[in-house]
Chemist: 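Pasting in a structure now, in structure tokens, and then I'll have a few things to ask.
Numbered from 1 within each chain, the chains take letters A, B, ... in sequence-line order.
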Amino acid sequence: MTHLTPADLIDAMEGVLVPERRAHLAVCEECRGQLDDLAAVLNDAKEASIPEPSPLFWNHLSTRVRTAIDNDAGSKPTWLRWQTLVPVGAVATLLLVLMISVPRLDRPGTRAELEATVSADAVALDAPSENWDALAEIVGELDVETASAAGVIEPGFAEQAVLELTQDERMVLTRLLQTELARVQS
Amino acid sequence: MPHESALAISPWTVSVVKPFDGAAGTPVGDLDDARLVAEAAGGSREAFDEIVTRHRRAVYQVCYRFVNNHEDASDLAQDAFVRAWKGVKNFKGQAALSTWLYRIAVNVCLNRLSIKKPVIEAIESTEHFEDSRVEGAQQAMIREQRAVAVRRAIANLPDKQRATLILRTYHDMSHQQIADVLGSSVGAVKANFFHALANLKKILGSEP
């Protein structure tokens with residue numbers, strides 16, 4: 001017959017081992033030894049009492065629980081705390097600023113639409129006019145700080161927005177303006 | 001009628017304030033656990049205070065067995081009761097109130113242990129639970145040292161083994177109740193109990 005399993009040994013220790021396993025235990029020294037060891041350790045564990053706190057502690061604990069519940073009831077939901085609101089607000093503000101300052105070019109499809117308009121108007125993009133060369137040169141080289149220092153622009157003016165565009169964005173803007181000028185001239 | 005006018009000008013009003021009248025005028029101390037839970041679920045803080053008073057010792061002791069020091073145990077017991085207050089509306093009486101509170105306490109302890117390792121008490125810091133005047137001082141000291149060693153060994157057991165050993169040995173919970181608390185099977189509880197004792201024997205055997 002097989003030895004007692006861990007569950008059998010626990011049952012044996014608690015006096016609820018089934019009769020057929022009890023029969024094995026009666027003849028198996030190894031299982032009996034294991035059972036005695038477990039029982040001895042359990043006895044040690046049972047005798048290990050825990051330190052009794054001060055008698056005043058129990059009422060103190062009740063008071064702590066009451067206070068904690070009161071504080072908890074008065075606190076805002078997690079999502080309303082400043083630790084959450086500040087980063088969320090910062091991200092929202094950043095998104096808003098981006099949406100305002102780069103209104104069209106960030107939207108998928110817009111740039112393709114612009115380019116389609118340009119090609120539909122059959123503008124010779126490879127050979128820009130002298131005026132456009134000059135404009136591109138000014139816009140391409142000038143940065144915001146230089147322009148501000150020279151008093152060319154004031155904060156908030158359209159020029160500043162143009163100067164802050166990326167190279168690609170400036171290209172698209174240039175093409176758009178060329179198209180518009182060509183249409184007016186014709 | 002001089003007698004009546006004297007009564008009419010009296011500024012005093014005498015009233016008897018009952019400690020609690022949520023359950024047909026019965027004081028909270030006289031209510032059973034099920035009734036207290038119903039009152040607490042209805043928002044009665046007084047009923048919940050009574051629940052705390054009745055179960056604070058057991059909840060504290062479960063927590064102490066887990067972390068093996070008073071400071072953490074009192075924090076955990078407080079935390080367990082705050083969670084119980086928040087969840088009392090959802091307690092439908094499917095288990096005994098004590099079992100439900102043990103479950104909360106064990107979960108709070110297991111959560112805390114996953115973050116922070118317990119501070120192990122120093123032998124010198126322990127107080128005597130039992131009156132040691134009846135036994136010799138030396139015998140008492142040996143006994144206390146053994147208890148400290150056992151508590152320390154229990155605090156070093158794997159979480160589920162520790163929870164099983166604590167609930168079975170010190171709180172007389174059945175295997176089924178422990179299985180409910182830990183969300184496992186009776187077979188797993190017995191296996192955990194066996195391994196907890198075997199590990200405890202190993203740890204205590206290796207101590208000097």
Chemist: Between A:Ile69 and B:Phe48, is the side chain to side chain contact (heavy atoms under 4.5 Å, CB included) condition met? List the steps.
Modeler: CA-CA 11 Å; A:Ile69 289 172; B:Phe48 190 74; 3.7 Å; yes
Chemist: Which residue is it: A:Asp36, A:Asp44, A:Asp37? I am looking for the one with a salt bridge (Lys or Arg N to Asp or Glu O under 4.0 Å) to B:Lys201.
Modeler: A:Asp37
Chemist: So which heavy atom on A:Arg66 is nearest to which on B:Arg45, and how close?
Modeler: O-NH2, 3.2 Å
Chemist: If we define contacts as heavy-atom pairs under 4.5 Å, which of B:Leu200, B:Asp49, B:Val186, B:Val82 has the most with chain A?
Modeler: B:Asp49
Chemist: Do you know which of B:Ser74, B:Gly187, B:Ala77 has the most heavy-atom pairs with chain A at a distance under 4.5 angstrom?
Modeler: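 Sorted descending by pairs with chain A, the first entry is B:Ser74.
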Chemist: Which answer fits B:Asp75, side chain, backbone, both or neither, if we ask what part of it has an atom under 4.5 Å from a heavy atom of chain A?
Modeler: both
Chemist: Are side-chain heavy atoms of A:Ser49 and B:Arg143 found at a separation under 4.5 Å?
Modeler: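 No, every pair of side-chain atoms sits at 4.5 Å or beyond.
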Chemist: Tell me the closest heavy-atom pair linking B:Leu197 and A:Val41, and the distance in Å.
Modeler: O-CG1, 3.6 Å
Chemist: Is the shortest heavy-atom distance from the side chain of B:Tyr64 to the side chain of A:Pro53 under 4.5 Å?
Modeler: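 B:Tyr64 vs A:Pro53: side chains apart.
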Chemist: For B:Ala198 and A:Leu38, work out which heavy atoms get closest and say how close.
Modeler: N-CD2, 4.1 Å
Chemist: How far does CG of A:Asp11 sit from CZ of B:Phe194, to the nearest 0.5 angstrom?
Modeler: 12.5 Å
Chemist: Considering only heavy atoms, which portion of B:Tyr170 lies under 4.5 Å from any heavy atom of chain A: side chain, backbone, both, or neither?
Modeler: side chain
Chemist: At their closest point, which heavy atom of A:Ala45 faces which heavy atom of B:Val150, and how far apart are they?
Modeler: CA-CG1, 3.8 Å
Chemist: Applying side chain to side chain contact (heavy atoms under 4.5 Å, CB included) to B:Lys190 and A:Glu14, what does each step give before you reach the verdict?
Modeler: CA-CA 11 Å; B:Lys190 285 182 183 177; A:Glu14 297 177 349; 5.8 Å; no
Chemist: As a quick check of understanding, evaluate side chain to side chain contact (heavy atoms under 4.5 Å, CB included) for A:Val65 and B:Arg56, giving each step before the final call.
Modeler: CA-CA 10 Å; A:Val65 171; B:Arg56 60 194 176 191; over 6 Å; no
Chemist: Provide the closest heavy-atom pair for B:Arg65 versus A:Ala48 in the form atom of the first, atom of the second, distance.
Modeler: NH1-O, 2.6 Å
Chemist: So B:Val52 and A:Arg64, do their side chains get closer than 4.5 Å, heavy atoms only?
Modeler: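 Not touching, per the 4.5 Å side-chain cut-off.
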Chemist: Below 4.5 Å from any heavy atom of chain A, which atoms of B:Arg146 appear? Answer side chain, backbone, both or neither.
Modeler: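 Side chain of B:Arg146 only, per the 4.5 Å heavy-atom cut-off to chain A.
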Chemist: To check you understand the geometry: which heavy-atom pair defines the closest contact between B:Gln78 and A:Leu61, and what is its length?
Modeler: N-CD1, 4.1 Å
Chemist: Quick check for you: to the nearest 0.5 Å, what is the distance between B:Thr53 atom OG1 and A:Asn59 atom CG?
Modeler: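 Between B:Thr53 OG1 and A:Asn59 CG, I get 7.5 Å after rounding to 0.5 Å.
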Chemist: Answer yes or no: does atom CD of B:Gln94 have more than 12 heavy-atom neighbours from other residues, nucleotides or ligands under 6.0 Å?
Modeler: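 Check passes, neighbour count above 12.
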